[in-house]
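Computed from heavy atoms alone, side chains included, the values below leave out hydrogens, waters and symmetry copies. Along the sequence shown, the residues carry numbers beginning at 1.
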Amino acid sequence: MKQLFFILFVFLSVNSIFGQKDNAQKIDTVATEVDFKETTLRGFQYKGVVYFVTNDMQTVTASKDGKLLWQNNVILDCEKSKSSPSQIQKIKLHKGYLHAFYGNTDIWIEPFDGSVFICGRY
């Protein structure tokens, strides 16, 4: 009986130590918009899909159940404006598209594959 408890203790200890992710994503599970000027959150979850901006603040990723669905550096897909900072300032899901904003530019992203649909000023 003591051996069973010891094995269970070791299993739970190892699982709790090594099962944690070092780079935990900070996401909102309620909202469909994140403004990086106002929060430290890095993304949001909608219908089981996590939309997340990486540390470079230029790349948007989508994952489901821990598996990467797509990843796209959307700043490189659009013209860089010399007057605008080249970091995503806000992301939101609106009318079926994922929007990423930087400077005065609104990037419309297809949420299923990450392709840029429209890139323009707002």
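Using a 4.5 Å heavy-atom cutoff, the side chains of Gln45 and Tyr51 are not in contact.
Val49 and Trp108 end up in different hydrophobic clusters when Ile, Leu, Val, Met, Phe, Trp and Tyr side chains are linked at under 4.5 Å. Residues Leu93 and Tyr102 fall within the same hydrophobic cluster, defined by Ile, Leu, Val, Met, Phe, Trp and Tyr side chains chained together at heavy-atom separations under 4.5 Å.
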Intermediate values then yes/no, side-chain contact (heavy atoms from CB on, under 4.5 Å), Asp56 and Gln87: CA-CA 8 Å; Asp56 67 0; Gln87 291 186 340; over 6 Å; no
CA sep, side-chain torsions, deciding dist, call: Phe44, Leu98, side-chain contact (heavy atoms from CB on, under 4.5 Å): CA-CA 11 Å; Phe44 59 85; Leu98 183 65; 3.7 Å; yes
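Annotation: side chain to side chain contact (heavy atoms under 4.5 Å, CB included) contacts of Asp65 (sequence neighbours excluded): none. The side chain to side chain contact (heavy atoms under 4.5 Å, CB included) search around Phe36 returns Val34, Val53, Met57, Ile88, Ile91, not counting sequence neighbours.
Between the CD1 atom in Ile118 and the CD atom in Glu110 there is a gap of 11.0 Å [rounded to 0.5 Å]. For the atom pair CG of Leu41 and CD of Glu33, the computed distance is 12.0 Å after rounding to the nearest 0.5 Å.
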Only pairs under 3.5 Å count here: list side-chain donor-acceptor contacts from residues 67-76, not counting sequence neighbours, and write none if there are none.
from	atom 1	to	atom 2	distance (Å)
Trp70	NE1	Pro111	O	3.0
Asn72	ND2	Asp77	OD2	3.0
Asn72	ND2	Gly114	O	2.6
Asn73	OD1	Ile75	N	3.3
Asn73	OD1	Leu76	N	3.2
Asn73	ND2	Gln58	OE1	3.4

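Taking every heavy atom of both residues into account, His94 and His99 meet most closely at O-NE2, 3.5 Å.
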